[in-house]
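Remarks on the structure that follows.
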Number of protein chains: 2
Amino acid sequence: MPEPTLHARLRAAILSLDLAPGRPLSERGLEPEFGASRTPIRAALMRLESEGLVRRDGKGWIVAPIDLDEIRSLYEYREILESASARLAVERASREDLEALADLARLADADETPEHSIDAGTGFHLELARLSNNDFLIDAMAGVLTRLYRTRWLEVQSAESRERAHREHRAVTAALLARDGASAELATIAHLRGTGERLVASLGESSQRLRATGINLGN
Amino acid sequence: MPEPTLHARLRAAILSLDLAPGRPLSERGLEPEFGASRTPIRAALMRLESEGLVRRDGKGWIVAPIDLDEIRSLYEYREILESASARLAVERASREDLEALADLARLADADETPEHSIDAGTGFHLELARLSNNDFLIDAMAGVLTRLYRTRWLEVQSAESRERAHREHRAVTAALLARDGASAELATIAHLRGTGERLVASLGESSQRLRATGINLGN
DNA sequence: GATACCATACTGGTATACCACAACGCTCGA
DNA sequence: TCGAGCGTTGTGGTATACCAGTATGGTATC
């Protein structure tokens, strides 16, 4: 296995909350931690900036904070992308592709580590986007999922929300397999809207309580 | 006026077709042409890569070619984004904002240089996206417009297509001002679908004839 | 004349030294 | 004791030297 690139390692550190949201990053400061020199670190930071995981703060860098308004916009945007994906998937995906997606939704059931649950959910939604067969839609969904990844540490805390997600994923795949575009769109929107609202609610409730779970919004 | 950044200068050179699609770029080769050293040139190239204007080709760089399938996907993607923008604009934009947009569509009438026409069209669509009040939607639309910018040198060649665009823009703004979301969506989709199909058709027709107009697809 | 091989001249990738600027803190003077 | 000014330290921005890999062209040999 090739060792992960610097970009991938930095990315993983941010997504795992190992590098806390809002934390200032200095190019030289990351040199010892990641065993690389400024040039590739700079390149990685610039790339992470375009992914929305890192941000310029004045002249310096910070790990992108988790902002409530941004999450709201992101879910609205995602609803546009994902409902369109569902509609296109109904028109274009093969039966095999749809069944593979349904398997993803079904297999996600079992007892999982929170991290597995996050990755399974991300995988499901990304795979759905792939079925649209539109590379720009796929890339956009990948970007959204990346930007939302850290907030999902919250969602997967409760077994109930994990089960709800799986149930709703199965509802989406059922509509897709039935080639019912309108239902697939509606099921997708229902899933996202519910998830988004619960997430925003729990984020808005108290950033104090979140810090107790090890999650800091960074703002 | 501050002098344009290196990124902006490279970007302008690509969008104006001064750097032909498909042309190989070497970091060192750009040094004398742009009077900068490799480090900032490299940074600019990485940024342009994330905007889709430059691409890695093996180990090297090339100006992104203009690919027919990509244009098709882009228009499909854009239809998703822009119809959603129109719908959101109907819900959210103030009367003043909508009238300002209508002004943009109206003022674009006059005799213009092709470049002005392109920028006016880009401005109109970007402004429409802004009225959605969703930053991600806005950024995505900006990205789409950037990626499509070079193809618009074709559209503005004919006075007839310029006039059609203006007319269709006015139809969109009329629906927006009437607060008729469904009509606004439909007018937007009609505009894009027609424009996209004509563009793809003329691109597909003959890349030979295009080269005569100074446009090379780079593939 | 054809082919194989080697030298050379590129490529991007990396490490690092230097620059200007900004913020912080200490020191010196009132 | 308080305040102002200056120096030290750290920031990103840039220029450049060096590295390893690669493709290419010329030459020498068969």
Side-chain angles (χ1 to χ4, degrees), chain A residues 1-15 18-65 67 139 147 216 218-219, chain B residues 1-15 18-67 139 147 216-219:
Chain A
M1 181 162 66
E3 66 181 74
T5 64
L6 176 61
H7 165 258
R9 285 195 292 152
L10 252 168
R11 192 173 188 274
I14 293 170
L15 293 183
D18 204 22
L19 291 176
R23 164 175 162 176
L25 299 176
S26 94
E27 297 174 358
R28 284 177 177 89
L30 292 171
E31 286 190 30
E33 191 166 351
F34 288 86
S37 73
R38 276 184 76 201
T39 310
I41 285 177
R42 249 181 146 227
L45 286 172
M46 288 189 288
R47 212 169 138 192
L48 291 167
E49 183 188 20
S50 75
E51 301 178 51
L53 294 182
V54 140
R55 180 174 304 176
R56 300 196 118 99
D57 177 46
K59 70 174 178 177
W61 302 93
I62 58 171
V63 177
D67 178 72
D139 286 352
R147 286 176 154 89
N216 185 330
N219 47 22
Chain B
M1 181 160 67
E3 66 181 75
T5 64
L6 177 60
H7 166 256
R9 284 195 294 152
L10 252 168
R11 192 174 189 277
I14 292 171
L15 293 182
D18 205 22
L19 291 176
R23 163 174 163 175
L25 299 176
S26 92
E27 298 174 356
R28 283 175 176 93
L30 293 170
E31 287 190 30
E33 190 166 352
F34 288 87
S37 73
R38 275 184 75 202
T39 311
I41 285 177
R42 213 151 195 278
L45 286 173
M46 288 190 287
R47 213 169 138 192
L48 291 167
E49 183 188 20
S50 75
E51 299 177 53
L53 295 182
V54 140
R55 179 174 305 177
R56 300 196 120 99
D57 175 46
K59 69 175 180 181
W61 302 91
I62 58 171
V63 177
I66 297 177
D67 177 74
D139 287 351
R147 286 176 154 90
N216 185 331
L217 304 184
N219 47 21

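Throughout, a chain's letter reflects where its sequence line sits, starting with A, and its residues are numbered from 1.
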Subject >> Residues in salt bridge (Lys or Arg N to Asp or Glu O under 4.0 Å) contact with B/Glu31, at least two apart in sequence or another chain >> reply: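 Partners of B/Glu31 under the salt bridge (Lys or Arg N to Asp or Glu O under 4.0 Å) test: none.
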Subject >> Base D/dG10 paired with A/Arg28 side chain (donor-acceptor, <3.5 Å) >> reply: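 Donor-acceptor pair under 3.5 Å: no.
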Can you check the [X] [atom1] to [N] [atom2] distance for me, whole Å?
{"X": "A/Leu30", "N": "C/dT16", "atom1": "CG", "atom2": "C1'", "answer": "17 Å"}
{"X": "A/Arg38", "N": "D/dC18", "atom1": "CZ", "atom2": "C1'", "answer": "18 Å"}
{"X": "B/Lys59", "N": "C/dT14", "atom1": "NZ", "atom2": "C1'", "answer": "15 Å"}
{"X": "B/Asp57", "N": "C/dT11", "atom1": "CG", "atom2": "P", "answer": "14 Å"}
{"X": "B/Phe34", "N": "D/dT14", "atom1": "CZ", "atom2": "P", "answer": "15 Å"}
{"X": "A/Ile41", "N": "D/dG12", "atom1": "CD1", "atom2": "C1'", "answer": "13 Å"}
{"X": "B/Glu27", "N": "D/dC18", "atom1": "CD", "atom2": "P", "answer": "18 Å"}
{"X": "A/Arg55", "N": "D/dG12", "atom1": "CZ", "atom2": "P", "answer": "17 Å"}

Subject >> Sugar-phosphate only, base, or nothing, as touched by A/Leu25 at under 4.0 Å among non-hydrogen atoms >> reply: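 Answer is sugar-phosphate: A/Leu25 comes under 4.0 Å of backbone atoms only.
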Subject >> Charged N-O contact under 4.0 Å between B/Glu51 and B/Arg147 >> reply: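 Here B/Glu51 does not pair with B/Arg147 in a salt bridge, since their nearest N and O are not under 4.0 Å apart.
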Subject >> Sidechain N-carboxylate O distance under 4.0 Å for A/Arg55, A/Glu49 >> reply: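 Result for this pair is no, no salt bridge flagged.
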Original post:
Should B/Thr39 be listed as having a side-chain N or O under 4.0 Å from OP1 or OP2 of D/dT14?
Top reply: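 Answer no for this pair, as no side-chain N or O of B/Thr39 is under 4.0 Å from OP1 or OP2.
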**OP:** Could you tell me whether the phosphate oxygens of D/dT11, OP1 or OP2, come under 4.0 Å of any side-chain nitrogen or oxygen in A/Ser26?
**Re:**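 Answer yes for this pair, as a side-chain N or O of A/Ser26 is under 4.0 Å from OP1 or OP2.
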Subject >> Closest to side chain of A/Trp61, choosing from C/dG12, D/dG12, C/dT16 >> reply: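 Ranking C/dG12, D/dG12, C/dT16 by closest atom to the A/Trp61 side chain puts D/dG12 first.
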Original post:
Out of D/dG21, D/dG12, C/dA15, which has the shortest distance to the side chain of A/Ala36?
Top reply: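 For A/Ala36, the side-chain atoms sit closest to C/dA15.
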Original post:
Would one find more than 12 heavy atoms of other residues, nucleotides or ligands at under 6.0 Å from atom CZ of B/Arg47?
Top reply: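 No - once you tally the heavy atoms of other residues, nucleotides and ligands closer than 6.0 Å, there are 12 at most.
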**OP:** Could you point out which residue of A/Leu10, A/Leu48, A/Leu19, A/Leu45 forms a side chain to side chain contact (heavy atoms under 4.5 Å, CB included) with A/Leu53?
**Re:**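 So, applying the side chain to side chain contact (heavy atoms under 4.5 Å, CB included) to A/Leu53 and each of A/Leu10, A/Leu48, A/Leu19, A/Leu45, only A/Leu48 qualifies.
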